[in-house]
Amino acid sequence: MNNFYVSCERAFDYSLRNRPVVVLSNNDGCVVARSQEAKDLGIATGEPFFKIQRLMDSHNLAVRSSNYELYGDMSARVMELLGRYGTWHEVYSIDESFIGLEGSLEQVRSTAAQIRKAIDKTIGVPVCVGVSTTKTLAKLANHIAKHNPGLGGVCVQQLMDQQVLGNILTRVPVTDVWGVGRKSGAKLISMGIETIADLRDADPLLIRKKFSVVLQRTVFELNGQRCIGPVEERADRGQVMFTRSFSTPVRTREAMEEVMSIYAQKAASRLASEGRYATLLTVTAGTSRFAQGESSFPSAQVRLPRPTRDPILLSKLAIAAMADLMQPGMDYVRGGVILSGLSDSPGEKQLDLFDLGDEHDEEEQKNVSSVVQDISARFGAKSIGLGPAGMAQSPAWTMKREHISQRYTTEWDELLEVRA
DNA sequence: TCTGGGGTCCTAGGACCC
DNA sequence: TCTGGGGTCCTAGGACCC
(Lines give C-alpha, C1' and ligand atoms only; values in the text may rest on other atoms or scores of the structure.)
Protein backbone atom coordinates (compact mmCIF):
# COMPACT_ATOMS: atom_id res chain seq x y z
CA MET A 1 0.00 0.00 0.00
CA ASN A 2 1.36 3.41 -0.90
CA ASN A 3 2.09 5.94 1.87
CA PHE A 4 -0.39 3.85 3.80
CA TYR A 5 -1.06 5.92 6.93
CA VAL A 6 -1.38 9.10 4.88
CA SER A 7 -3.66 7.29 2.43
CA CYS A 8 -5.94 6.16 5.28
CA GLU A 9 -6.25 9.75 6.49
CA ARG A 10 -6.93 10.95 2.95
CA ALA A 11 -9.61 8.36 2.36
CA PHE A 12 -11.81 10.21 4.87
CA ASP A 13 -10.55 13.78 4.73
CA TYR A 14 -10.70 15.39 1.36
CA SER A 15 -8.84 18.48 2.55
CA LEU A 16 -5.67 16.37 2.72
CA ARG A 17 -5.50 15.70 -1.03
CA ASN A 18 -2.94 17.38 -3.26
CA ARG A 19 -0.93 18.81 -0.40
CA PRO A 20 1.95 17.68 1.80
CA VAL A 21 0.77 15.45 4.66
CA VAL A 22 2.74 13.64 7.34
CA VAL A 23 1.68 11.18 10.02
CA LEU A 24 3.63 11.26 13.27
CA SER A 25 4.82 8.54 15.62
CA ASN A 26 3.47 8.12 19.15
CA ASN A 27 3.83 11.24 21.27
CA ASP A 28 3.88 13.22 18.03
CA GLY A 29 7.61 12.58 18.08
CA CYS A 30 8.77 12.05 14.54
CA VAL A 31 7.55 11.46 10.99
CA VAL A 32 6.51 7.89 10.14
CA ALA A 33 4.57 8.42 6.90
CA ARG A 34 4.68 11.07 4.18
CA SER A 35 2.59 11.91 1.16
CA GLN A 36 4.41 12.32 -2.13
CA GLU A 37 4.14 16.09 -1.75
CA ALA A 38 5.80 15.86 1.68
CA LYS A 39 8.59 13.70 0.23
CA ASP A 40 9.07 16.31 -2.46
CA LEU A 41 9.57 18.92 0.26
CA GLY A 42 12.54 16.88 1.46
CA ILE A 43 10.95 15.61 4.67
CA ALA A 44 12.65 12.37 5.71
CA THR A 45 11.17 9.37 7.51
CA GLY A 46 12.13 9.55 11.17
CA GLU A 47 12.60 13.30 11.10
CA PRO A 48 11.66 14.89 14.45
CA PHE A 49 8.43 16.82 14.18
CA PHE A 50 9.76 19.95 15.89
CA LYS A 51 12.24 20.38 13.06
CA ILE A 52 9.59 20.57 10.34
CA GLN A 53 6.77 22.18 12.28
CA ARG A 54 7.34 25.55 10.56
CA LEU A 55 6.34 23.95 7.23
CA MET A 56 2.74 23.87 8.44
CA ASP A 57 2.55 27.61 7.89
CA SER A 58 5.05 28.09 5.11
CA HIS A 59 4.05 25.13 2.92
CA ASN A 60 0.52 24.18 3.97
CA LEU A 61 1.85 20.97 5.54
CA ALA A 62 -0.91 18.93 7.19
CA VAL A 63 -0.05 16.86 10.25
CA ARG A 64 -1.80 13.90 11.89
CA SER A 65 -1.02 11.95 15.05
CA SER A 66 -0.96 8.24 14.36
CA ASN A 67 -4.38 6.65 14.54
CA TYR A 68 -3.66 2.94 14.70
CA GLU A 69 -7.26 2.04 15.28
CA LEU A 70 -8.07 3.49 11.86
CA TYR A 71 -5.01 2.08 10.06
CA GLY A 72 -5.44 -1.37 11.61
CA ASP A 73 -9.06 -1.56 10.54
CA MET A 74 -8.35 -0.29 7.01
CA SER A 75 -5.53 -2.80 6.74
CA ALA A 76 -7.79 -5.66 7.80
CA ARG A 77 -10.28 -4.69 5.07
CA VAL A 78 -7.60 -4.67 2.40
CA MET A 79 -6.17 -7.98 3.59
CA GLU A 80 -9.58 -9.63 3.56
CA LEU A 81 -10.07 -8.55 -0.03
CA LEU A 82 -6.59 -9.63 -1.08
CA GLY A 83 -7.12 -13.07 0.35
CA ARG A 84 -9.72 -13.74 -2.34
CA TYR A 85 -7.21 -13.44 -5.16
CA GLY A 86 -4.33 -15.75 -4.28
CA THR A 87 -3.71 -19.45 -3.96
CA TRP A 88 -2.11 -18.47 -0.66
CA HIS A 89 -1.86 -15.22 1.28
CA GLU A 90 0.63 -14.11 3.91
CA VAL A 91 0.11 -10.82 5.73
CA TYR A 92 3.61 -9.46 6.16
CA SER A 93 2.92 -6.15 7.91
CA ILE A 94 0.14 -3.62 8.37
CA ASP A 95 0.59 -2.41 4.78
CA GLU A 96 2.13 -5.30 2.91
CA SER A 97 1.36 -8.88 2.00
CA PHE A 98 2.47 -11.67 -0.26
CA ILE A 99 0.02 -13.68 -2.32
CA GLY A 100 0.52 -16.64 -4.59
CA LEU A 101 -0.70 -16.31 -8.19
CA GLU A 102 -1.00 -18.93 -10.89
CA GLY A 103 -1.47 -18.75 -14.64
CA SER A 104 0.31 -17.21 -17.60
CA LEU A 105 2.24 -13.97 -17.18
CA GLU A 106 -0.54 -12.09 -18.94
CA GLN A 107 -3.18 -13.61 -16.64
CA VAL A 108 -1.08 -12.70 -13.64
CA ARG A 109 -0.73 -9.14 -14.83
CA SER A 110 -4.44 -8.87 -15.36
CA THR A 111 -5.17 -10.21 -11.87
CA ALA A 112 -2.71 -7.73 -10.38
CA ALA A 113 -4.48 -4.89 -12.16
CA GLN A 114 -7.86 -6.12 -10.90
CA ILE A 115 -6.54 -6.20 -7.34
CA ARG A 116 -5.47 -2.57 -7.55
CA LYS A 117 -8.80 -1.54 -8.96
CA ALA A 118 -10.83 -3.45 -6.39
CA ILE A 119 -8.92 -2.01 -3.45
CA ASP A 120 -9.18 1.48 -4.84
CA LYS A 121 -12.89 1.17 -5.44
CA THR A 122 -14.03 -0.57 -2.26
CA ILE A 123 -11.55 0.72 0.30
CA GLY A 124 -10.10 3.81 -1.29
CA VAL A 125 -6.37 3.46 -0.73
CA PRO A 126 -3.74 3.24 -3.50
CA VAL A 127 -1.57 0.12 -3.80
CA CYS A 128 1.15 -1.18 -6.08
CA VAL A 129 1.65 -4.79 -7.08
CA GLY A 130 5.02 -6.36 -7.85
CA VAL A 131 5.20 -9.85 -9.32
CA SER A 132 8.15 -12.20 -9.58
CA THR A 133 9.39 -15.65 -8.62
CA THR A 134 10.74 -14.97 -5.13
CA LYS A 135 9.70 -12.65 -2.32
CA THR A 136 12.85 -10.56 -2.62
CA LEU A 137 12.33 -10.13 -6.36
CA ALA A 138 8.61 -9.41 -5.90
CA LYS A 139 9.50 -6.65 -3.45
CA LEU A 140 11.92 -5.31 -6.02
CA ALA A 141 9.23 -5.40 -8.71
CA ASN A 142 6.94 -3.52 -6.33
CA HIS A 143 9.66 -0.94 -5.82
CA ILE A 144 9.87 -0.52 -9.60
CA ALA A 145 6.08 -0.17 -9.87
CA LYS A 146 6.08 2.54 -7.21
CA HIS A 147 8.84 4.57 -8.83
CA ASN A 148 7.64 4.34 -12.43
CA PRO A 149 4.15 5.81 -12.72
CA GLY A 150 4.02 4.77 -16.38
CA LEU A 151 3.56 1.15 -15.30
CA GLY A 152 0.15 1.89 -13.83
CA GLY A 153 1.03 0.50 -10.41
CA VAL A 154 1.76 -3.04 -11.61
CA CYS A 155 5.15 -4.54 -12.41
CA VAL A 156 5.54 -8.12 -13.57
CA GLN A 157 9.27 -8.61 -13.67
CA GLN A 158 9.18 -11.26 -16.39
CA LEU A 159 7.20 -9.00 -18.71
CA MET A 160 9.64 -6.13 -18.47
CA ASP A 161 11.99 -5.22 -21.27
CA GLN A 162 15.10 -7.09 -20.11
CA GLN A 163 17.40 -4.28 -21.07
CA VAL A 164 15.39 -1.76 -19.05
CA LEU A 165 15.41 -4.16 -16.11
CA GLY A 166 19.16 -4.65 -16.44
CA ASN A 167 19.67 -0.91 -16.36
CA ILE A 168 17.62 -0.61 -13.21
CA LEU A 169 19.50 -3.41 -11.47
CA THR A 170 22.87 -1.86 -12.23
CA ARG A 171 21.65 1.54 -11.08
CA VAL A 172 19.63 0.94 -7.92
CA PRO A 173 21.81 0.91 -4.78
CA VAL A 174 22.23 -2.35 -2.91
CA THR A 175 20.75 -0.74 0.21
CA ASP A 176 17.33 -0.76 -1.49
CA VAL A 177 17.24 -4.55 -1.38
CA TRP A 178 14.95 -6.16 1.20
CA GLY A 179 17.22 -7.51 3.92
CA VAL A 180 20.10 -5.10 3.42
CA GLY A 181 20.14 -2.53 6.19
CA ARG A 182 22.51 0.25 7.14
CA LYS A 183 25.29 -1.86 8.61
CA SER A 184 25.44 -4.54 5.94
CA GLY A 185 24.92 -1.89 3.29
CA ALA A 186 27.99 0.05 4.34
CA LYS A 187 30.05 -3.13 4.54
CA LEU A 188 28.89 -4.32 1.13
CA ILE A 189 29.77 -1.00 -0.44
CA SER A 190 33.22 -1.12 1.14
CA MET A 191 33.65 -4.49 -0.58
CA GLY A 192 32.72 -2.97 -3.93
CA ILE A 193 29.21 -4.46 -3.97
CA GLU A 194 27.25 -1.30 -4.66
CA THR A 195 24.20 -2.15 -6.75
CA ILE A 196 21.51 -4.81 -6.83
CA ALA A 197 23.22 -6.46 -9.79
CA ASP A 198 26.49 -6.57 -7.82
CA LEU A 199 24.81 -8.39 -4.96
CA ARG A 200 22.97 -10.76 -7.30
CA ASP A 201 26.30 -11.72 -8.87
CA ALA A 202 28.26 -11.93 -5.61
CA ASP A 203 29.68 -15.25 -4.40
CA PRO A 204 27.11 -16.71 -1.97
CA LEU A 205 29.81 -18.46 0.05
CA LEU A 206 31.74 -15.25 0.49
CA ILE A 207 28.57 -13.45 1.56
CA ARG A 208 27.82 -16.15 4.09
CA LYS A 209 31.32 -16.01 5.48
CA LYS A 210 31.48 -12.21 5.73
CA PHE A 211 27.87 -11.68 6.83
CA SER A 212 25.46 -14.49 7.64
CA VAL A 213 23.16 -17.09 6.22
CA VAL A 214 20.44 -14.42 6.14
CA LEU A 215 22.18 -12.30 3.53
CA GLN A 216 23.25 -15.41 1.65
CA ARG A 217 19.57 -16.25 1.26
CA THR A 218 19.01 -12.79 -0.18
CA VAL A 219 21.64 -13.50 -2.83
CA PHE A 220 19.90 -16.76 -3.73
CA GLU A 221 16.53 -15.01 -3.86
CA LEU A 222 17.90 -12.34 -6.19
CA ASN A 223 18.87 -15.23 -8.48
CA GLY A 224 15.35 -16.59 -8.49
CA GLN A 225 15.82 -19.33 -5.90
CA ARG A 226 13.15 -19.31 -3.20
CA CYS A 227 14.65 -19.33 0.31
CA ILE A 228 12.42 -17.17 2.46
CA GLY A 229 9.68 -19.25 4.02
CA PRO A 230 6.18 -18.33 5.06
CA VAL A 231 5.56 -15.47 7.46
CA GLU A 232 4.28 -16.97 10.69
CA GLU A 233 0.77 -16.33 11.87
CA ARG A 234 0.54 -13.73 14.56
CA ALA A 235 -0.82 -16.19 17.07
CA ASP A 236 2.40 -18.17 16.96
CA ARG A 237 4.65 -15.30 17.73
CA GLY A 238 6.95 -15.25 20.66
CA GLN A 239 6.29 -12.12 22.68
CA VAL A 240 3.93 -9.31 23.51
CA MET A 241 5.33 -5.96 24.46
CA PHE A 242 3.95 -2.67 25.62
CA THR A 243 6.59 0.05 25.56
CA ARG A 244 6.01 3.76 25.26
CA SER A 245 7.75 7.10 25.46
CA PHE A 246 6.34 9.53 27.98
CA SER A 247 5.08 12.98 27.07
CA THR A 248 6.86 14.37 30.15
CA PRO A 249 9.77 12.72 31.97
CA VAL A 250 9.13 10.35 34.85
CA ARG A 251 11.34 11.10 37.84
CA THR A 252 9.71 9.67 40.92
CA ARG A 253 9.26 6.17 42.15
CA GLU A 254 5.52 6.73 42.46
CA ALA A 255 5.18 7.78 38.82
CA MET A 256 7.26 4.80 37.67
CA GLU A 257 4.98 2.52 39.68
CA GLU A 258 2.03 3.96 37.78
CA VAL A 259 3.84 3.32 34.50
CA MET A 260 4.66 -0.27 35.34
CA SER A 261 1.19 -1.01 36.65
CA ILE A 262 -0.60 0.44 33.64
CA TYR A 263 1.78 -1.05 31.06
CA ALA A 264 1.61 -4.49 32.68
CA GLN A 265 -2.18 -4.35 32.48
CA LYS A 266 -2.04 -3.31 28.83
CA ALA A 267 0.31 -6.15 27.99
CA ALA A 268 -1.85 -8.59 29.97
CA SER A 269 -4.96 -7.58 28.11
CA ARG A 270 -3.24 -8.06 24.75
CA LEU A 271 -2.30 -11.52 25.89
CA ALA A 272 -5.90 -12.17 26.86
CA SER A 273 -7.15 -11.05 23.46
CA GLU A 274 -4.82 -13.61 21.87
CA GLY A 275 -5.85 -16.29 24.34
CA ARG A 276 -2.35 -16.85 25.60
CA TYR A 277 -0.26 -16.91 28.78
CA ALA A 278 3.27 -15.78 29.59
CA THR A 279 6.07 -17.35 31.62
CA LEU A 280 8.56 -14.50 31.53
CA LEU A 281 8.09 -10.84 32.45
CA THR A 282 10.64 -8.19 31.43
CA VAL A 283 10.51 -4.57 32.57
CA THR A 284 12.54 -1.77 31.00
CA ALA A 285 12.95 1.98 31.28
CA GLY A 286 15.36 4.46 29.81
CA THR A 287 16.61 8.02 29.74
CA SER A 288 16.73 9.98 26.50
CA ARG A 289 19.31 8.93 23.95
CA PHE A 290 19.66 12.57 22.98
CA ALA A 291 20.25 14.02 26.45
CA GLN A 292 23.68 15.11 27.62
CA GLY A 293 25.19 13.65 30.76
CA GLU A 294 24.57 10.34 32.42
CA SER A 295 22.14 7.80 31.03
CA SER A 296 20.32 4.94 32.66
CA PHE A 297 18.65 1.91 31.06
CA PRO A 298 17.35 -0.30 33.83
CA SER A 299 15.92 -3.67 32.88
CA ALA A 300 14.99 -6.80 34.78
CA GLN A 301 13.45 -10.18 34.09
CA VAL A 302 11.15 -12.17 36.32
CA ARG A 303 10.38 -15.80 35.66
CA LEU A 304 6.69 -16.31 36.32
CA PRO A 305 5.61 -19.09 38.65
CA ARG A 306 3.41 -20.57 35.92
CA PRO A 307 1.90 -19.45 32.61
CA THR A 308 -0.31 -16.49 33.47
CA ARG A 309 -1.96 -13.35 32.13
CA ASP A 310 -3.40 -12.21 35.44
CA PRO A 311 -3.25 -8.40 35.44
CA ILE A 312 -3.07 -8.22 39.24
CA LEU A 313 -0.11 -10.55 39.48
CA LEU A 314 1.71 -9.05 36.49
CA SER A 315 1.13 -5.52 37.71
CA LYS A 316 2.55 -6.31 41.16
CA LEU A 317 5.55 -8.14 39.77
CA ALA A 318 6.33 -5.38 37.26
CA ILE A 319 6.26 -2.73 39.98
CA ALA A 320 8.45 -4.84 42.25
CA ALA A 321 10.93 -5.64 39.51
CA MET A 322 11.47 -1.99 38.64
CA ALA A 323 11.37 -0.69 42.21
CA ASP A 324 15.08 -0.71 43.03
CA LEU A 325 16.46 -0.12 39.57
CA MET A 326 15.60 3.56 39.15
CA GLN A 327 18.50 5.93 39.69
CA PRO A 328 17.58 9.04 41.62
CA GLY A 329 17.70 12.34 39.77
CA MET A 330 17.34 10.78 36.32
CA ASP A 331 14.73 11.83 33.77
CA TYR A 332 13.20 8.67 32.38
CA VAL A 333 11.53 9.18 29.00
CA ARG A 334 10.37 5.66 28.19
CA GLY A 335 9.31 2.46 29.83
CA GLY A 336 8.09 -0.97 28.83
CA VAL A 337 6.67 -4.30 29.91
CA ILE A 338 7.41 -7.38 27.80
CA LEU A 339 5.72 -10.75 28.19
CA SER A 340 7.37 -13.75 26.59
CA GLY A 341 7.75 -17.49 26.85
CA LEU A 342 4.16 -17.68 25.69
CA SER A 343 1.94 -20.73 25.88
CA ASP A 344 -1.63 -21.54 24.97
CA SER A 345 -2.70 -22.89 28.33
CA PRO A 346 -2.54 -21.59 31.89
CA GLY A 347 -0.35 -23.43 34.35
CA GLU A 348 -1.67 -25.39 37.27
CA LYS A 349 -0.73 -24.18 40.67
CA GLN A 350 2.17 -26.36 41.70
CA LEU A 351 2.03 -26.77 45.46
CA ASP A 352 4.55 -24.91 47.57
CA LEU A 353 7.32 -25.22 45.06
CA PHE A 354 6.17 -22.08 43.30
CA ASP A 355 4.37 -20.35 46.13
CA LEU A 356 4.61 -16.60 45.75
CA GLY A 357 3.87 -15.99 49.36
CA ASP A 358 0.95 -13.93 48.19
CA GLU A 359 -1.40 -13.07 51.00
CA HIS A 360 -4.72 -12.80 49.32
CA ASP A 361 -6.76 -15.68 48.16
CA GLU A 362 -5.88 -17.07 44.75
CA GLU A 363 -9.49 -17.70 43.73
CA GLU A 364 -10.52 -14.22 44.67
CA GLN A 365 -7.70 -12.72 42.65
CA LYS A 366 -8.75 -14.76 39.65
CA ASN A 367 -12.30 -13.49 39.96
CA VAL A 368 -11.27 -9.87 40.24
CA SER A 369 -9.03 -10.24 37.22
CA SER A 370 -11.72 -11.75 35.06
CA VAL A 371 -14.30 -9.16 36.14
CA VAL A 372 -11.87 -6.39 35.21
CA GLN A 373 -11.27 -8.03 31.85
CA ASP A 374 -14.97 -8.51 31.16
CA ILE A 375 -15.86 -4.95 32.03
CA SER A 376 -13.15 -3.43 29.89
CA ALA A 377 -14.12 -5.69 27.00
CA ARG A 378 -17.72 -4.51 27.28
CA PHE A 379 -17.36 -0.84 28.19
CA GLY A 380 -13.96 0.05 26.79
CA ALA A 381 -10.42 0.15 28.09
CA LYS A 382 -11.01 3.36 30.01
CA SER A 383 -13.98 2.07 31.97
CA ILE A 384 -12.07 0.24 34.69
CA GLY A 385 -8.53 -0.60 35.74
CA LEU A 386 -6.42 -1.60 38.68
CA GLY A 387 -4.92 1.20 40.75
CA PRO A 388 -3.64 4.05 38.58
CA ALA A 389 -5.11 2.43 35.46
CA GLY A 390 -8.57 2.97 36.94
CA MET A 391 -8.29 6.74 37.27
CA ALA A 392 -10.51 8.85 35.03
CA GLN A 393 -7.75 11.40 34.60
CA SER A 394 -4.66 10.06 32.85
CA PRO A 395 -1.27 10.69 34.48
CA ALA A 396 0.82 13.62 33.23
CA TRP A 397 3.28 11.39 31.37
CA THR A 398 0.59 9.83 29.15
CA MET A 399 1.16 9.84 25.39
CA LYS A 400 0.63 13.07 23.50
CA ARG A 401 -1.58 12.96 20.37
CA GLU A 402 -2.50 16.49 19.50
CA HIS A 403 -3.40 15.95 15.85
CA ILE A 404 -5.46 12.78 16.01
CA SER A 405 -8.21 12.16 13.48
CA GLN A 406 -11.51 10.40 14.05
CA ARG A 407 -11.76 6.64 14.30
CA TYR A 408 -13.96 6.70 11.24
CA THR A 409 -14.50 2.96 10.88
CA THR A 410 -14.59 1.57 14.42
CA GLU A 411 -16.55 3.99 16.66
CA TRP A 412 -20.20 4.90 16.18
CA ASP A 413 -19.61 8.34 17.65
CA GLU A 414 -16.85 9.11 15.19
CA LEU A 415 -18.36 8.09 11.87
CA LEU A 416 -17.84 10.42 8.96
CA GLU A 417 -20.85 12.67 8.43
CA VAL A 418 -21.81 13.31 4.83
CA ARG A 419 -24.30 15.93 3.76
CA ALA A 420 -25.70 15.60 0.28
C1' DT B 1 12.14 22.65 24.50
C1' DC B 2 10.47 18.85 21.42
C1' DT B 3 13.56 12.57 18.48
C1' DG B 4 8.36 5.78 17.87
C1' DG B 5 6.92 0.95 18.63
C1' DG B 6 6.75 -3.90 17.94
C1' DG B 7 8.54 -7.49 16.17
C1' DT B 8 11.77 -11.55 13.88
C1' DC B 9 15.90 -14.30 13.08
C1' DC B 10 20.68 -15.59 13.72
C1' DT B 11 25.00 -16.18 16.23
C1' DA B 12 28.22 -16.59 19.89
C1' DG B 13 29.13 -17.99 24.20
C1' DG B 14 28.20 -19.98 28.70
C1' DA B 15 26.29 -23.66 31.53
C1' DC B 16 25.49 -28.08 31.66
C1' DC B 17 25.17 -33.12 30.33
C1' DC B 18 27.42 -37.87 29.68
C1' DT C 1 55.10 -32.70 30.93
C1' DC C 2 50.93 -34.46 29.28
C1' DT C 3 44.35 -33.03 30.38
C1' DG C 4 38.37 -35.41 25.20
C1' DG C 5 34.46 -35.21 22.39
C1' DG C 6 29.99 -34.37 21.30
C1' DG C 7 26.11 -32.57 22.35
C1' DT C 8 21.72 -29.52 24.20
C1' DC C 9 19.62 -25.50 25.99
C1' DC C 10 19.42 -20.79 27.12
C1' DT C 11 20.43 -15.89 26.79
C1' DA C 12 22.27 -11.55 25.19
C1' DG C 13 23.18 -8.86 21.54
C1' DG C 14 23.24 -7.55 16.75
C1' DA C 15 20.97 -6.82 12.48
C1' DC C 16 17.04 -6.34 10.09
C1' DC C 17 12.03 -5.34 8.95
C1' DC C 18 7.84 -2.05 8.62
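Chain identifiers are assigned alphabetically (A, B, ...) following the order of the sequence lines, protein sequences preceding nucleic acid strands; residue numbering begins at 1 within each chain.
Residue A/Thr243 places at least one side-chain N or O under 4.0 Å from the OP1 or OP2 atom of B/dG6. A/Arg244 has no side-chain polar atom (N or O) that falls below the 4.0 Å cut-off from OP1 or OP2 of B/dG4. Contact between the side-chain N/O atoms of A/Arg217 and the OP1/OP2 oxygens of B/dC9 is not found at any separation under 4.0 Å. A sub-4.0 Å separation between OP1 or OP2 of B/dC10 and a side-chain N or O of A/Arg208 is absent.
Counting heavy-atom neighbours within 6.0 Å of A/Lys183 NZ, excluding the residue itself, gives a total of 12 or less.
The distance from atom CD of A/Glu90 to atom C1' of B/dG7 is 16 Å, rounded to the nearest whole Å. Summarising the geometry, the separation between CD1 on A/Ile228 and P on B/dC9 is reported as 12 Å, rounded to the nearest angstrom. Straight-line distance from the CD1 atom of A/Ile207 to the P atom of B/dC10: 17 Å, rounded to whole Å. The OH-P distance, from A/Tyr68 to C/dC18, rounds to 14 Å in whole Å. Rounded to an integer number of Å, the gap from CH2 of A/Trp178 to C1' of B/dT8 is 11 Å. A/Arg334 places its CZ atom 5 Å from the P atom of B/dG4, with the value rounded to the nearest Å. The nearest whole Å value for the distance from the CG atom in A/Asp331 to the P atom in B/dT3 is 11 Å. Here the P atom of nucleotide B/dG7 and the CZ atom of A/Phe242 are 11 Å apart, to the nearest Å.
Between A/Tyr71 and A/Tyr5, the ring planes are parallel. Angles under 30° get that label, and only those over 60° would be called perpendicular.
Residue A/Arg303 places its side chain closer to C/dT11 than to any other of B/dT8, C/dC18, C/dT11. Taking the side chain of A/Met241 as heavy atoms from C-beta on, and the options C/dC10, B/dG6, B/dG4, the nearest nucleotide is B/dG6. Set against B/dG5, B/dC10, B/dT8, the side chain of A/Gln239 has B/dT8 as its closest nucleotide. Among the nucleotides B/dT3, B/dT11, C/dC18, the one closest to the side chain of A/Phe290 is B/dT3.
A salt bridge does not link A/Asp374 to A/Arg378: none of the charged nitrogens lies less than 4.0 Å from a carboxylate oxygen. Taking a cutoff of 4.0 Å between a charged side-chain nitrogen and a carboxylate oxygen, A/Glu90 and A/Lys135 qualify as a salt bridge. A salt bridge links A/Arg64 to A/Asp13: one of the charged nitrogens lies within less than 4.0 Å of a carboxylate oxygen. Between A/Arg401 and A/Asp28, none of the side-chain N atoms (NZ, or NE/NH1/NH2) sits under 4.0 Å from a carboxylate O, so this pair counts as no salt bridge. Using a cutoff of 4.0 Å between basic side-chain nitrogens and carboxylate oxygens, A/Glu37 and A/Arg10 are scored as salt-bridged.
Contact annotation for A/Tyr92: backbone-only contact, meaning every heavy-atom pair under 4.0 Å involves sugar-phosphate atoms and none involves a base. Nucleic acid contact class of A/Asp95 (heavy atoms, under 4.0 Å, all strands): sugar-phosphate only. Contact annotation for A/Val177: backbone-only contact, meaning every heavy-atom pair under 4.0 Å involves sugar-phosphate atoms and none involves a base. If you check every strand for non-hydrogen atoms under 4.0 Å, A/Val213 touches sugar and phosphate atoms only. Residue contacts for A/Lys400: at a heavy-atom cut-off of 4.0 Å it reaches no nucleic acid atom on any strand shown. Among the protein residues, A/Ser184 comes within range of the sugar-phosphate backbone only, with heavy atoms under 4.0 Å from sugar or phosphate atoms but none that close to a base. A/Asn26 comes within 4.0 angstrom of the backbone, heavy atoms only, and of no base. Residue A/Glu96 is in sugar-phosphate contact alone, with no base atom involved, counting any heavy-atom pair closer than 4.0 Å across all strands shown. A/Phe49 comes within contact range of no nucleotide atom at all, as no heavy-atom separation falls under 4.0 Å.
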query: Reading DNA chain C 5' to 3', how would its secondary structure be written in dot-bracket notation, given Watson-Crick and G-U pairs with both distances under 3.5 Å, brackets [ ] for crossing pairs and | for partners on other strands?
result: ....||||||||||||||

Please write out the pairs of protein N or O atoms and N or O atoms of nucleotides 14-17 of chain B separated by less than 3.5 Å, giving the distance to one decimal.
none

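In this structure, A/Glu47 contributes its side chain and A/Ala44 its backbone to a donor-acceptor pair below 3.5 Å.
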message: If you apply the rule salt bridge (Lys or Arg N to Asp or Glu O under 4.0 Å), what do you find for A/Asp120 with A/Arg116, and how did you get there?
response: CA-CA 6 Å; A/Asp120 181 55; A/Arg116 282 194 80 231; over 6 Å; no

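Nucleotides B/dC17 and C/dG4 are separated by 14 Å at their C1' atoms, to the nearest Å.
Checking each of A/Ile312, A/Val337, A/Ile319 against A/Ser261 for a side chain to side chain contact (heavy atoms under 4.5 Å, CB included) leaves exactly one that passes, namely A/Ile319.
Shown here are the side-chain contact (heavy atoms from CB on, under 4.5 Å) partners of A/Ala389, two or more places apart in sequence or in another chain: A/Ile262, A/Gln265.
With centroids closer than 5.5 Å and planes inclined by less than 30 degrees as the test, A/Phe50 and the base of B/dT1 fail to qualify as a stacked pair.
If A/Arg289 and A/Val214 are placed on DNA chain B by their nearest nucleotide, the residue sitting closer to the 5' end is A/Arg289.
Annotation: cation-pi pair A/Arg208/A/Phe211 absent, no NZ/CZ under 6.0 Å from the ring centroid and within 45° of its normal.
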